[in-house]
Enquirer: 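Just passing along the structure, written as structure tokens.
Positions are given from 1, in the same order as the sequence printed here. We use all heavy atoms of the structure for the numbers below, so side chains are in, but hydrogens, waters and symmetry mates are not.
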Amino acid sequence: MPKLGESGLAFAMLGMLAGSLLPPPALGQGANPVENCLMAGAALPDAVIRECTLAMQSSDKAAIPAVYLGRADAYVRKGDYDRALADYDEAIKLAPDTAIAFALRGEVHAKRGDYDGAIADYERAIERAPNLPSAFSNRGLAWANKGELRLAIADYTKAIKLDPNLPVAFNNRGLAHAARGEHEAAVADYGEAIRLDPKYANAYNNRANAYLGRREYDRAIADFSAALQVQRTDRAALLGRCWARTLAGHLPAAIADCGELLRLQPAAAAALNMRGFAHLKAGQTDKAVADFDAVLRSDPKNAGSLYGRGLARLKKREAAQGNADIAAAKAIKPDVEQELARYDIR
């Protein structure tokens, strides 16, 4: 199951923790290793790790938990989750009442797919700081990824009550509503996420996908286009707009979108598949077959490409080959015909 949302709230709290453990430097005071570690922020991870490792020799013992958290954050940004967890463990041993340390460690458990471990840490964070929105929001994400959508929505709602200005909580709650088939609620939540952050590309993409499910293709195209205004190489938006334009009948524009995605990511199966259907609807059967062939070379059991190639071959009056492809597609995915017929692909 794809991940139902995104985290990213708790890490913003690291500076708050550092500020609570360190007094502000005196005017004219030179930087010391602890300050270098904690103020490195978005510096390259290796530089942060170097500074924080030096800072662990500091005599300022009260600051050491924050130093471990600073180095752990750098390890997370490097994708070295084992070392990050070791540093979070040390920080928690030294400062066991620090809610943020548990919330941060919970995020790493979630990144590793250990959602039970993540939930346990978020619960420890909430015990220590019942008004910490990030802990509720990220626990909601962990519940969602375990398939516990009702619990996820409850946690997102609690996070939003604590801080109504959290676009990621609205976006993630929208995904949970969508997974439950509550599409109106999902669209409303994505809209609120976008209102709070007009450059939130993922929220535009998610709302566009909701519109696609409702066959509101022009609205979907508009949202995918908005995501591309934020990031012109947004691959999810290019793929989604290609499909939305295909279904809306804007076939040259659809083919151009999938072509741009293939320029960014050559041989992307999803883009080839969708472009194949755009070519099919445009009556360009040879090009459709070529795209479906390209998918099937690497994925011979792709039911959509088999079915699409079958339709293209029938249109080319290659009845035996076309019927064979369609039969093979139905053997792999019995409802493939009905699924594509919903989009007027037949």
Enquirer: What do the steps show when you test Thr53 against Ile49 for side-chain contact (heavy atoms from CB on, under 4.5 Å), and what is the final call?
Expert: CA-CA 6 Å; Thr53 301; Ile49 290 165; 4.0 Å; yes
Enquirer: Is Arg214 salt-bridged to Glu184, cutoff N-O under 4.0 Å?
Expert: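 So Arg214 pairs with Glu184 through a salt bridge.
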Enquirer: Is it true that Asp163 and Lys158 have a side-chain N and a carboxylate O under 4.0 angstrom from each other?
Expert: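 So Asp163 does not pair with Lys158 through a salt bridge.
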Enquirer: For residues Val289 and Ala312, report the shortest heavy-atom separation together with the two atoms involved.
Expert: CG2-CB, 3.7 Å
Enquirer: Which atom pairs, one a donor and one an acceptor, fall under 3.5 Å between side chains of residues 255-277 and the rest of the protein, sequence neighbours left out?
Expert:
| residue | atom | partner | partner atom | Å |
| --- | --- | --- | --- | --- |
| Asp257 | OD1 | Arg241 | NE | 3.4 |
| Asp257 | OD1 | Arg241 | NH2 | 2.9 |
| Asp257 | OD1 | Arg245 | NH1 | 3.4 |
| Asp257 | OD2 | Arg241 | NE | 2.8 |
| Asp257 | OD2 | Arg245 | NH1 | 2.9 |
| Glu260 | OE1 | Arg263 | NE | 3.1 |
| Glu260 | OE2 | Arg263 | NE | 3.3 |
| Glu260 | OE2 | Arg263 | NH2 | 2.7 |
| Asn273 | OD1 | Ser305 | OG | 2.5 |
| Arg275 | NE | Asp291 | OD1 | 3.4 |
| Arg275 | NE | Asp291 | OD2 | 2.9 |
| Arg275 | NH2 | Asp291 | OD1 | 2.8 |

Enquirer: I'd like to know if Asp73 and Arg71 make a salt bridge, using a cut-off of under 4.0 Å between side-chain N and carboxylate O.
Expert: no
Enquirer: Give a yes or no on whether a salt bridge exists between Asp155 and Arg173, defined as a side-chain N under 4.0 angstrom from a carboxylate O.
Expert: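 Between Arg173 and Asp155 there is no salt bridge, as every charged N stays at least 4.0 Å from the carboxylate O atoms.
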Enquirer: Aromatic ring centroids of Tyr343 and Trp243 under 6.0 Å?
Expert: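 Ring-ring flag for Tyr343/Trp243: true, centres closer than 6.0 Å.
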Enquirer: Who passes ring pair (Phe, Tyr, Trp, His ring centres under 6.0 Å) against Tyr190, sequence neighbours left out?
Expert: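 Tyr190 satisfies ring pair (Phe, Tyr, Trp, His ring centres under 6.0 Å) with no residue once adjacent residues are dropped.
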Enquirer: So that I can tick it off, tell me whether Lys146 and Glu148 are bridged by a salt bridge, with the cut-off set at under 4.0 angstrom between side-chain N and carboxylate O.
Expert: no
Enquirer: Rounded to the nearest 0.5 Å, what separates atom CG in Leu247 from atom CD in Glu216?
Expert: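 That separation rounds to 13.5 Å.
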Enquirer: With distance as the sole criterion, is a donor-acceptor pair present between the side chains of Asn205 and Asp223 under 3.5 Å?
Expert: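 Checked: Asn205/Asp223 side chains show no N/O donor-acceptor pair below 3.5 Å.
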Enquirer: Show me, pair by pair, the donor-acceptor contacts under 3.5 angstrom made by side chains of residues 326-334, not counting sequence neighbours?
Expert:
| residue | atom | partner | partner atom | Å |
| --- | --- | --- | --- | --- |
| Lys330 | NZ | Glu337 | OE1 | 2.8 |
| Lys333 | NZ | Asp335 | OD1 | 3.4 |
| Lys333 | NZ | Glu339 | OE1 | 3.3 |

Enquirer: Applying side chain to side chain contact (heavy atoms under 4.5 Å, CB included) between Phe102 and each of Asp97, Leu132, Ile92, Ile126, report the one that passes.
Expert: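 Exactly one option meets the side chain to side chain contact (heavy atoms under 4.5 Å, CB included) with Phe102, and it is Ile92.
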Enquirer: Using 4.0 Å as the upper bound for N to carboxylate O, is an ion pair formed by Asp46 and Lys78?
Expert: yes
Enquirer: Regarding Glu6 and Asn172, is there a side-chain donor-to-acceptor distance under 3.5 Å anywhere?
Expert: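 Distance-only check fails for Glu6 and Asn172.
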